[in-house]
Structures are given as C-alpha cells and as structure tokens.
Asks: 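This is the structure, below, for whatever I ask next.
For the numbers below, each heavy atom of this structure counts, side chains included, while hydrogens, waters and symmetry mates do not. So that the names make sense, note that chain A is the first sequence line, chain B the second, and so on, each numbered from 1.
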Amino acid sequence: MAQKPSIPKGTRDFNPEQVAKRTYIFNTIRNAFETFGFQPIETPSFENSETLMGKYGDEGDRLIFKILNSGDYLAKVDEHAYLQRDSLKLTSNISEKALRYDLTVPFARYVVQHQNEIEFPFKRYQIQPVWRADRPQKGRFREFYQCDADVVGSKSLWQEVEFIQLYDSVFSALKLEGVTIKINNRKILSGIAEVIGASDKLIDFTVALDKLDKIGEVKVKEEMLSKGISEEGISKLQPLFTLSGSFESQIASLKSILSASEEGTKGIEEVAFINEAISELGLNTATLQLDVTLARGLNYYTGAIFEVAAPKTVPMGSIGGGGRYDDLTGIFGLPNVSGVGISFGLDRIYLVLEELGLFPETVTKNIDVLFINFGEKEALFCLKAIKKLRSAGIRSELYPDADKMKKQMNHANKRAIPFVVLVGEEEVSSNSFTLKNMVSGEQFKVSFDGMLQHLK
RNA sequence: GUGGUUGUAGCUCAGUUGGUUAGAGCAUUGGUUUGUGGUACCAAGGGUCGCCGGUUCGAGCCCGGUCUUCCACCCCA
C-alpha cells in the first residue's frame with residue numbers, strides 16, 4: 001500500500017469514458033467559439049513570474065504555482081533574505097517562472113507582444129489547463145481547464161451582447177437548461193460606493209456585498225462596518241438589499257439610488273442597453289439576470305461583469321465568468337486597448353452534466369465488432385475481413401489470443417461491444433462468418449457482404 | 001494560508017469497552033460447460049488496516065505528526 005503510486009492533491013487521471021465526455025464538452029464549446037468568429041491561440045503552460053505576479057491581488061499571488069530555478073538555486077539567493085527567512089523576497093530569488101494561473105493575463109501579454117501582427121478587433125479563443133495552489137473542494141481543482149473567448153480592440157457594447165448569446169448558445173447545445181447568466185457593472189459598484197461615501201473602500205465594500213446571498217443582510221452590514229464604512233452610508237444601501245423584481249424594475253430603482261453619481265448612471269445605462277438588446281434577440285435556454293451584488297475579478301474588470309450559475313438543482317459554484325477590462329494590456333505597456341471576454345469552467349460543467357445525466361450515450365467511442373480468435377489459421381482469415389471492414393469505416397478488431405471462448409465473449413461483454421464474429425474451421429472452409437448480436441443474442445451465418453450490410 | 005473531516009482487499013463498506021489467525025458483497029481466476037457471453041452453483045487468490053512515531057503485556061481501534069479525501073473560511077472556474 002505504501003508503495004502504491006499516487007498523484008498530487010487536486011489533480012486527476014481521466015479514463016477513456018471521462019476523456020470522451022470531456023472531449024464532447026470541448027468540441028461543443030469550440031464549435032460555438034468558431035461559429036461566433038473566434039480564432040484559437042495557445043500560450044505556454046508557464047510564464048515568467050513577473051508576467052503573472054501582482055496581476056491577481058495578494059491572494060492570487062499566493063495561489064500561483066512557482067517553478068524552482070534549475071541548478072544550484074540557493075547559490076544566488078540574497079544572504080539577508082535567507083537569514084531573515086523572508087519567503088517573499090526569497091521566492092523571487094529562487095523562482096523565475098510560474099505556472100499559468102488563468103488564460104486572460106497570458107492573453108494580454110500575447111496581445112502586447114504581438115501587437116503589430118494582430119488585426120484588431122482581435123477575437124481569440126483558448127482552451128488550455130491552468131493551475132492554482134488552492135485547497136481542493138468539490139468542483140475545485142489545482143489543475144483544471146478554462147475555455148476562454150475574448151475580444152480586444154473594441155469598446156462596443158455589442159460585444160457584451162454577443163458574449164451573452166455565446167453563453168446561451170453553448171449551454172443550449174449541451175442541453176443544460178436553467179442556467180442563469182448574471183450581469184453587473186463595475187461602474188454601478190463604483191457609483192454605489194461613491195454615493196455612500198466609500199469610494200476609497202470599493203474593494204472592501206464589494207467583497208462584503210458579494211456575500212449577501214450567502215451570509216445575509218445583517219452579517220454583510222457588520223462586515224461593512226468593520227471595514228470602516230459609515231453607518232450613515234450603509235443605511236443608504238437599504239434599497240439595495242431588497243432589490244428584486246424584473247430586470248427593468250431593478251434598473252429603475254437603481255437609477256434613483258445612483259442619480260447623484262455620474263459613473264453609476266453610466267453603468268446603469270450600459271446594463272440597460274445590453275438587456276434591451278438581449279430582450280430583442282432572445283435567449284434559447286439561459287436567463288439573464290441583473291445582480292448588483294456580483295463583484296468578481298475587480299482587480300481588472302472595469303465595465304460589465306458576468307458570472308454563470310448552474311441550474312439551482314445542482315450545488316455548484318459558478319460554471320463561467322467574465323467581464324470587460326478597459327486597460328489590461330496597460331500593465332504590459334500597451335494602453336487604451338479595451339477587452340471583454342468570458343470563460344467556461346470545463347471541469348465544473350462536466351460535474352453538472354454528470355449529475356443531471358446529460359451526456360449523450362453516443363459520446364463513448366467503442367468498436368463495432370470483435371472477432372473471436374480460434375487459432376492461427378482462423379485469425380489470418382479474420383484479419384483479411386477486418387482489413388476490408390476497416391476500410392469501409394467499420395471499427396473492428398481481432399481478439400489477440402486464442403483464449404477460451406468464455407473469456408473472449410466476456411471481454412466483448414465488458415467492453416459493451418455490440419457484435420462479435422465467430423470464425424472457426426467450418427466458416428473458413430465455407431468462406432462465411434457467424435455474426436452474433438450481443439444484445440439480442442441472435443446469430444446467423446453470412447457472407448462478407450452480408451456481414452458488412454449488418455454492421456453498417 | 002486557518003479550522004474541521006476522511007482513509008480497512010481492485011471497488012463499496014462492516015469490524016463490539018483495546019484481546020487468538022481482520023470479514024462481507026461486487027470484481028478477478030479456476031471449475032460445473034474444450035464453438036457461445038450476461039444467470040446460477042462450487043472453489044481459490046488477494047490486506048504490514050494511508051504512512052511514520054508514541055502509549056500499552058497487547059493497537060485496525062487510543063495519542064502525536066504527515067499525506068490524502070471531503071467541508072467551512074479566504075478566494076475562485
């Protein structure tokens with residue numbers, strides 16, 4: 001037992017069935033991306049540390065996997081930092097590379113680095129694994145796939161409208177109904193902070209507000225107070241806590257709350273514009289919902305913020321997220337390039353589809369027919385037939401050993417192979433095949449053409 | 001990173017207040033059946049009880065550490 005090999009926590013092996021199911025999701029998403037006009041790129045699994053560090057906040061830095069320098073990495077460390085056990089300083093000494101934490105920052109780096117080759121607006125998609133040194137939980141892994149689509153070089157709100165349709169399109173294709181696309185706007189949050197006199201505490205304020213549906217109104221207020229937001233300001237928020245009703249009615253009440261804030265009003269107008277367009281265009285299976293408590297990725301989002309919630313029947317964190325970032329490439333030296341994008345969490349979508357039994361039965365690829373092996377002479381006869389079947393597109397194979405029939409039949413059963421072919425001395429001499437249907441148990445002797453007809 | 005939780009055969013799990021040689025079902029292998037699978041019956045193989053240490057005459061069981069699982073924080077797909 002002690003010698004039994006294992007894999008690091010938060011990572012997984014995938015068996016053939018799981019790979020087939022994952023491929024099904026990948027293909028569905030990729031198809032939608034391409035239908036919407038996005039082009040694929042790929043970036044390295046690891047980047048220079050300075051590309052990633054400081055882009056996701058302190059919390060994010062902690063969760064980035066650092067790669068130890070090769071060679072005698074201790075030789076070059078700062079003596080003082082080493083003696084002081086200053087991990088932070090030491091890290092930059094002994095590690096110069098880090099595993100990709102998401103796909104957005106590497107994309108921003110890509111855009112800046114290749115700015116002269118790119119035709120803007122640039123619509124790219126990217127499906128690759130990312131790594132986070134997080135503690136695993138259900139639906140949280142340390143290695144998982146993100147499927148991102150982003151547009152850079154356009155400030156048009158039509159992009160936001162397109163992304164909502166893209167979400168709807170993918171989840172409809174996956175037959176996952178009841179998905180909620182939540183939308184908010186950084187400008188609305190800034191506006192609220194402004195109105196309650198807490199502009200300088202925007203992050204603290206939104207982090208607390210974000211927990212509303214989880215810990216409730218009272219605790220949210222407590223947290224805000226403890227972060228130094230005034231009682232008077234919090235009382236101005238009261239209408240926010242009871243905000244409900246249709247998209248339009250929420251917008252109407254927000255308008256009055258935020259009338260004093262120019263930025264907040266701008267945010268409301270944006271959200272209203274998107275909602276009107278979506279109402280006009282319609283969604284197949286998803287629902288668009290305004291959620292002013294939604295506050296993710298504030299380190300770089302500047303406009304729209306998206307988050308996709310799984311159907312309420314499944315306990316699962318968000319299965320997608322995204323937003324607009326007006327100046328992400330600024331940190332890499334290319335200002336004034338606006339971007340907006342969304343991400344699909346493949347691993348979580350998998351868990352949701354599995355739980356709801358939504359994978360089509362056909363996703364698992366299997367062979368169509370197994371030839372039972374009776375011996376050398378028969379095997380060669382079978383392989384000749386198999387060669388012809390394969391060129392006709394029938395997935396077929398010969399059981400490699402002349403084992404007992406029971407064992408070979410069992411093997412066919414275990415693999416749920418629909419047909420077996422039995423060729424013994426008798427069939428060889430009459431140039432025929434005994435084809436057996438493993439589901440019904442029926443079998444009959446046929447010519448090669450007859451067999452081909454049945455298997456097609 | 002903080003707090004809690006879990007680990008016994010390939011898989012799912014029993015295992016009494018600490019007491020002989022740690023069990024079951026499923027799976028595997030062989031047989032009843034040498035050209036017919038799924039069903040049934042018979043038999044066999046398979047475990048240093050996650051790992052390291054401690055307490056004890058004696059530990060799967062108690063204690064500490066560690067890894068893993070899941071959960072709540074934090075954060076997030």
Side-chain angles (χ1 to χ4, degrees), chain A residues 1-12 25 29 56-64 87 100-104 127-148 167 203 206-208 210-211 214-215 219 223 294-299 306-310 315-323 341-352 370 372-375 378 399 402-428 434-445:
Chain A
M1 288 298 282
Q3 276 68 37
K4 202 185 261 185
S6 64
I7 55 176
K9 111 169 97 171
T11 65
R12 293 143 308 151
I25 303 175
I29 294 174
Y56 310 100
D58 291 344
E59 197 59 30
D61 283 357
R62 204 196 79 209
L63 296 175
I64 292 173
S87 301
R100 178 168 64 214
Y101 177 87
D102 73 354
L103 301 179
T104 307
I127 298 178
Q128 290 189 280
V130 302
W131 295 270
R132 294 183 188 179
D134 205 358
R135 284 231 184 148
Q137 278 178 43
K138 188 180 187 68
R140 298 181 81 158
F141 307 98
R142 300 212 291 182
E143 175 182 65
F144 62 97
Y145 269 77
Q146 285 193 332
C147 312
D148 275 28
Y167 266 140
I203 300 286
T206 51
V207 164
D210 188 58
K211 295 179 190 165
K214 214 168 177 181
I215 62 175
K219 295 224 164 147
E223 182 166 333
L294 179 62
R296 301 302 166 91
L298 281 179
N299 282 312
F306 300 115
E307 183 171 296
V308 182
M316 179 64 65
S318 65
I319 55 176
I342 59 171
S343 180
F344 291 82
L346 170 106
D347 299 86
R348 287 186 179 180
I349 293 171
Y350 182 104
L351 292 173
V352 171
L370 176 76
I372 301 294
N373 190 329
F374 280 85
E378 291 90 345
Y399 190 91
D403 284 341
K404 283 198 179 133
M405 181 102 80
K406 177 169 175 153
K407 188 167 180 184
Q408 301 194 43
M409 295 296 274
N410 253 327
H411 180 74
N413 253 348
K414 296 266 166 57
R415 288 178 58 191
I417 297 168
F419 288 96
V420 299
V421 171
L422 298 102
V423 173
E425 219 173 320
E426 191 190 320
E427 284 86 350
V428 172
T434 295
L435 181 66
K436 180 175 175 110
N437 182 322
M438 291 298 279
V439 180
S440 67
E442 295 173 312
Q443 66 178 57
F444 29 86
K445 205 182 265 191

Asks: Write down the distance separating the C1' atoms in B:U69 and B:A24, rounded off to the nearest Å.
Replies: 24 Å

Asks: Is A:D347 touching bases, backbone alone, or none of the nucleic acid, heavy atoms closer than 4.0 Å?
Replies: nothing

Asks: Give a yes or no answer on whether the side chain of A:R132 reaches the backbone of A:L63 with a donor-acceptor pair at less than 3.5 Å.
Replies: no

Asks: With heavy atoms under 4.0 Å as the rule, sort A:S343 into base, sugar-phosphate or nothing.
Replies: nothing

Asks: Expressed as a whole number of Å, how far does the C1' atom of B:U20 sit from that of B:G15?
Replies: 16 Å

Asks: How would you label the contact of A:V352 with the nucleic acid (heavy atoms, under 4.0 Å): base, sugar-phosphate, or nothing?
Replies: nothing

Asks: Kindly say whether, by distance alone, the side chain of A:K9 makes a donor-acceptor pair under 3.5 Å with the base of B:U68?
Replies: no

Asks: Mind checking the P distance from B:U16 to B:C62? Whole angstroms is fine.
Replies: 10 Å

Asks: Does atom NZ (A:K445) have a neighbourhood of more than 12 heavy atoms from anything else shown, all under 6.0 Å?
Replies: yes

Asks: How is A:G441 classified with respect to the nucleic acid when contacts are heavy atoms under 4.0 Å: base, sugar-phosphate, or nothing?
Replies: base

Asks: Tell me what A:F141 touches on the nucleic acid: a base, only sugar-phosphate, or nothing, going by heavy atoms under 4.0 Å.
Replies: base

Asks: Check every strand shown and say whether A:G139 touches a base, only sugar-phosphate, or nothing at a heavy-atom separation below 4.0 Å.
Replies: base

Asks: Using a heavy-atom cut-off of 4.0 Å across all strands, would you classify A:K404 as base, sugar-phosphate, or nothing?
Replies: sugar-phosphate

Asks: Counting any heavy atom closer than 4.0 Å, what does A:V207 reach on the DNA or RNA strands: base, sugar-phosphate only, or nothing?
Replies: sugar-phosphate

Asks: Report which part of the nucleic acid A:L422 touches: base, sugar-phosphate, or nothing (heavy-atom distance under 4.0 Å, all strands).
Replies: base

Asks: Students often get this wrong, so: under 4.0 angstrom with heavy atoms, is A:E425 touching a base, only sugar-phosphate, or nothing?
Replies: base

Asks: Is it true that a side-chain atom of A:Y167 and a backbone atom of A:G321 form a donor plus acceptor pair closer than 3.5 Å?
Replies: yes

Asks: I'd like to know if A:R415 reaches the base of B:G37 with its side chain such that a donor and an acceptor end up less than 3.5 angstrom apart.
Replies: no

Asks: At under 4.0 Å between heavy atoms, what does A:Q146 touch on the DNA or RNA strands: base, sugar-phosphate, or nothing?
Replies: sugar-phosphate

Asks: On the side chain of A:R135, is there an atom forming a donor-acceptor pair with the base of B:U2 - under 3.5 Å, no angle test?
Replies: yes

Asks: Which is true for A:K406 with a 4.0 Å heavy-atom rule: it touches a base, it touches only sugar-phosphate, or it touches nothing?
Replies: base

Asks: Would you find a donor on one side and an acceptor on the other, under 3.5 Å apart, between the side chain of A:E427 and the backbone of A:G424?
Replies: yes

Asks: So what does A:G424 touch, heavy atoms closer than 4.0 Å: a base, only the sugar-phosphate, or nothing?
Replies: base

Asks: Does A:G375 reach a base, just sugar-phosphate, or nothing at all? Heavy atoms under 4.0 Å.
Replies: nothing

Asks: If we take the C1' atom in both B:U6 and B:G45, what is their distance in whole Å?
Replies: 30 Å

Asks: Tell whether A:Q443 reaches the base of B:U36 with its side chain through a donor-acceptor pair below 3.5 angstrom.
Replies: yes

